[in-house]
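As a basis for the values below, the full set of heavy atoms in this structure was taken, side chains included, without hydrogen atoms, waters or symmetry mates. Here the structure is a predicted model, which is why all the values come from computation and not from measurement.
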Amino acid sequence: MNSRSIKKSILFLLFFLFNFSLLANERPKVGLALGGGVAKGLAHIGVLKVLEEVGVPLDAIVGTSMGGIIGGLYASGYNATQLDSFAVNTNWSLLFSDRFERKRLAVVQKQRNERYVITLPIHNKRVKLPRGFLYGQRITEQLIRLTFHVQGINDFSKFPIPFACVAVDIANGEIVTLNSGFLPEALRATMAIPGFFHPVRIDGRSLVDGGLKRMVPVQEVRDMGADIIIAVDVNQLLLNDEELDSMIGIIDQATRIAQFESNSIQRQKSDVLILPNLADYLITDFAKAREIIDLGEHAARKLMPQLQQIVDSLKVEVKPRPKLNAINTDTFRVNNIEIEGLTDVSSQILRSELGLKFPGNFSFSEIEAAIRRLQRLQAIKKVSYLIHENKHQSVLLLKVVEVPNDAFQFGLRYDSRSEAAILLNSRFHNLGVKNTTLNLDLKMGSSIRFDSQYWLQFDFYRNLGLSLRATYDDNSLDIFEENSRVARFDIKAFSAEALLGTMFSSKLAGLAGLRTELLKRLPDTAPPEFEDTRLSLVTITGLLWIDTINRNDFTTTGIQAYLRADITSKSLGSDATFGRYYLDYRYFLPLSKKLTLSSQVLAGTSRGADIPLEAGFILGGVNRQALYLDQDAPLVSFFGLKPFEKVGRNLQFAQLGLQYEAFKNIFVTLRGNAGNTFNNWKIDFSTKRFERGLGISIGALTGIGPVELHVMSSNSHDFLTHVNIGFSF
């Protein structure tokens, strides 16, 4: 060996010894794998409490589903105490809901929106099942708030603890490790349970819950360079025979069998395996968050000797994890706005609906309230947002997910007067022109109604719109004398109208325009003096709505007012000349959390010599029209009278009620009312002029709508009952 070769060998040896010494001084890396489990995954918080107490240094965290949520928040800087507070104090039932907030809808949509039991998308002219029940807007907003302090960090390895979460590409079944990008979207993807949540689109992929293929991501932690891996699995591998006592249990077991081999391998790859005993808990038991967290802590404490041994072997100083002041309640400056993802919705309409003026200072609450205003469009299901710098300006970037524009909806109702009825609806957006909605309703039962309505919203003013409508009714009308029915008419009516006004306001809407009606009245069961009648009307119509109530059925708070004026004249081409004016005012006052006082006043008057029967006012029955063939006016209940029992040119009515929520969504209501219809209007409140009635109702708010039993009495009828099931339409 020559001198040159010897010199090279010595240099190589010195280089090896130097790097070996560096490696020898570098401690082994500790990784944490947190498995999925929905509510059961809250047990991870209890485990983190013990890891903090022992002082285990974490160099990497990878989570799946709820393990991804907890792991991502912890890796971004939260401590276990803060996560505990978040889990226990969060309204999880509200978080896992995409229900439209009624108060955000346009007034003209509020009655219509609470009539359908099922809504299915229409795609390529076919009705299909949705890709999931929820888009997760509220969850997205919560995650944006909680992770705002790391919003500018796109590389998750740069977090206080390097982090990744696991999802699955639903198109090809590949496991996808998300270690960069927009953290709230990554966390939403890892928890997107197939069928329950819509898949999350990231980099052209449709991603769903990582638990589908990797319930406990031990291998992914190893891939991040961890030498020692602590794994937490909150699920049993398989249920025992005694637990397989239901269809749900069998389906759950089938899923577990599919994951069994993968879960077993991942468990074996861990160095410390923590298994909280959650066999008695369901994945939906968020209300038991305190118990689940405590069980996670209990399971970790049983392995404290092993955890302490890790800390001792690493010879690291135990440091308490600091509290992160992450949720900033102050306002932040935004100079402009950018919108991504719009295809069918006008950008101008969306900006107008947001109602934000730039530049300006905004809080989280203000931005979230602005985003919820988009619900009025009913074409935007999910919006995520971030603040970024663009050309030295702070820009609010909205990432919008549009829903399928077209939908098929179905409603079902039964009541003891009209018996069963179904309502079929097809809704089409942007048909012919942007910012338009076409609604087609077909009601079938004891009466038939077809209703087509075309709405156009103008770009230049967000509340202003045009309504074009055509309807056909085949209905009946009863005539009473001295509390007994003497005739029944078959009414066939066609109407068309064009109304212009502030129809997209969420609290107050005013519309005016022209309406034409063709009426045919045919005696069904009636004495000979009742003859066929044909009538043509052209009417100038004005409407004013105020609606702030929280829901249509079992209302507990708010105001609702409906004012309508109809004027027609032979000079307009009508067969009659008259004017009709109507007011329905309701006020709901919560006296306590469970007790509500309700009040209602109706007043109607007609002026003219030749007012047709169909233009009169009607009282009687439960959830009936006071204005015949007016499908927009709120329904009226006169407790103690039969349907259509009072018909006249003028109307006066008042009602008081007390509603008590005896159990969750179970209500007992007592109502008293007085009123009548008259040929002439006058102010005279003597009791002999009015029918008086009293009713008590027991009802429940269910997934198919209200279910109610009414028992009534009045000075005209000693005892009446009425049953209704389903939403009113």
Side-chain angles (χ1 to χ4, degrees), residues 69 72-73 76-79 81-83 85-105 135-154 159 182-188 322-342 347-377 380-401 462-463 505-507 548 550:
I69 302 293
L73 296 178
S76 73
Y78 288 93
N79 62 29
T81 301
Q82 289 176 296
L83 295 181
S85 177
F86 161 70
V88 172
N89 296 318
T90 292
N91 184 341
W92 291 96
S93 60
L94 179 63
L95 212 57
F96 286 100
S97 169
D98 273 347
R99 182 180 60 86
F100 280 124
E101 291 184 281
R102 189 184 189 279
K103 66 180 181 180
R104 305 293 181 188
L105 295 175
Y135 280 88
Q137 176 61 34
R138 287 187 173 89
I139 294 174
T140 299
E141 290 176 1
Q142 182 72 289
L143 291 175
I144 290 171
R145 274 195 180 217
L146 292 171
T147 63
F148 199 76
H149 58 290
V150 293
Q151 193 172 95
I153 305 176
N154 295 324
F159 289 173
F182 186 42
L183 181 59
E185 285 186 353
L187 298 182
R188 272 286 293 107
K323 180 180 179 180
L324 175 69
N325 296 320
I327 302 178
N328 182 7
T329 56
D330 296 332
T331 59
F332 38 86
R333 185 73 174 173
V334 179
N335 298 101
N336 210 338
I337 184 172
E338 296 176 358
I339 303 172
E340 290 182 359
L342 287 181
S347 174
Q348 183 59 38
I349 287 286
L350 191 144
R351 289 168 185 262
S352 180
E353 286 291 341
L354 286 170
L356 299 176
K357 295 183 179 180
F358 301 97
N361 297 317
F362 306 102
S363 66
F364 287 111
S365 297
E366 288 172 324
I367 291 178
E368 289 167 4
I371 288 173
R372 291 203 178 98
R373 284 195 286 271
L374 301 182
Q375 288 183 320
R376 268 182 288 187
L377 301 176
I380 304 294
K381 271 290 188 180
K382 179 171 167 285
V383 181
S384 59
Y385 65 92
L386 57 89
I387 310 294
H388 72 107
E389 293 295 323
N390 186 1
K391 297 180 180 179
H392 307 294
Q393 284 192 333
S394 182
V395 176
L396 173 65
L397 174 62
L398 299 185
K399 297 185 176 183
V400 174
V401 176
R462 67 187 177 104
N463 290 331
S505 168
S506 62
K507 293 182 180 179
T548 65
N550 61 328

Partner residues of Phe182 under the ring pair (Phe, Tyr, Trp, His ring centres under 6.0 Å) criterion, sequence neighbours left out: none
Student check: side-chain heavy atoms of Val334 and Val395 closer than 4.5 Å: no
All side chain to side chain contact (heavy atoms under 4.5 Å, CB included) counterparts of Val401, not counting sequence neighbours: Tyr135, Lys382
pair Ser384-Ile144: side-chain heavy atoms closer than 4.5 Å: yes
Test log, rule ring-ring contact (aromatic ring centres under 6.0 Å, His included), inputs Tyr78 and Phe86: CA-CA 10 Å; Tyr78 288 93; Phe86 161 70; 8.1 Å; no
Neighbour count >12 (heavy atoms, 6.0 Å) for atom NZ, Lys103: no
With sequence neighbours excluded, residues passing ring pair (Phe, Tyr, Trp, His ring centres under 6.0 Å) with Phe159: Phe156
Considering all heavy atoms, the nearest Leu354-Ala370 contact: O-CB, 3.4 Å
Atom pair CZ/CD of Arg372 and Glu353 - distance to nearest 0.5 Å: 15.5 Å
Inter-residue atom distance Leu398.CG - Ile339.CD1, 0.5 Å rounding: 5.5 Å
Polar side-chain atom of Gln137 near backbone of Val383 as donor-acceptor pair, under 3.5 Å: yes
Heavy-atom side-chain contact between Leu94 and Arg138 under 4.5 Å: yes
Leu95 to Ile139 - nearest heavy-atom pair and separation: O-CG1, 3.3 Å
Within-4.5 Å side-chain heavy-atom neighbours: Phe148 and Leu386: no
Step-by-step ring-ring contact (aromatic ring centres under 6.0 Å, His included) determination, Phe362 to Tyr385: CA-CA 13 Å; Phe362 306 102; Tyr385 65 92; over 10 Å; no
Any Ile153 side-chain heavy atom under 4.5 Å of Leu183 side chain: no
Side chains of Glu141 and Ile371 in contact at under 4.5 Å (non-hydrogen atoms): yes
Gap separating the NE2 atom of His388 from the CG atom of Asn154, nearest 0.5 angstrom: 11.0 Å
Candidate pair Phe332 and Leu396, rule side-chain contact (heavy atoms from CB on, under 4.5 Å), full reasoning: CA-CA 11 Å; Phe332 38 86; Leu396 173 65; 6.0 Å; no
Any residue meeting side-chain hydrogen bond (donor to acceptor under 3.5 Å, both in side chains) with Thr90, in chain and number order, not counting sequence neighbours: none
Backbone of Ser76 reached by a side-chain donor or acceptor of His149 within 3.5 Å: yes
Distance, nearest 0.5 Å, that separates CG of Leu397 from CD1 of Ile337: 9.0 Å
Partner residues of Ser394 under the side chain to side chain contact (heavy atoms under 4.5 Å, CB included) criterion, sequence neighbours left out: Asn335, Ile387, Glu389
Spacing of Ile380 atom CD1 and Leu374 atom CG [to the nearest 0.5 Å]: 6.5 Å
Any donor-acceptor N or O pair under 3.5 Å, side chains Arg145, Ser365: yes
Side chain Thr140, main chain Gly136, donor-acceptor under 3.5 Å: yes
Ser363 side chain vs Glu366 backbone, donor-acceptor pair below 3.5 Å: yes
Side chain proximity check, Leu356 to Arg351, heavy atoms < 4.5 angstrom: no
Atom pair CG (Leu146) and CD (Gln82), whose distance is rounded to the nearest 0.5 Å: 10.0 Å
Salt bridge (Lys or Arg N to Asp or Glu O under 4.0 Å) involving Arg373 - partner list, sequence neighbours excluded: none
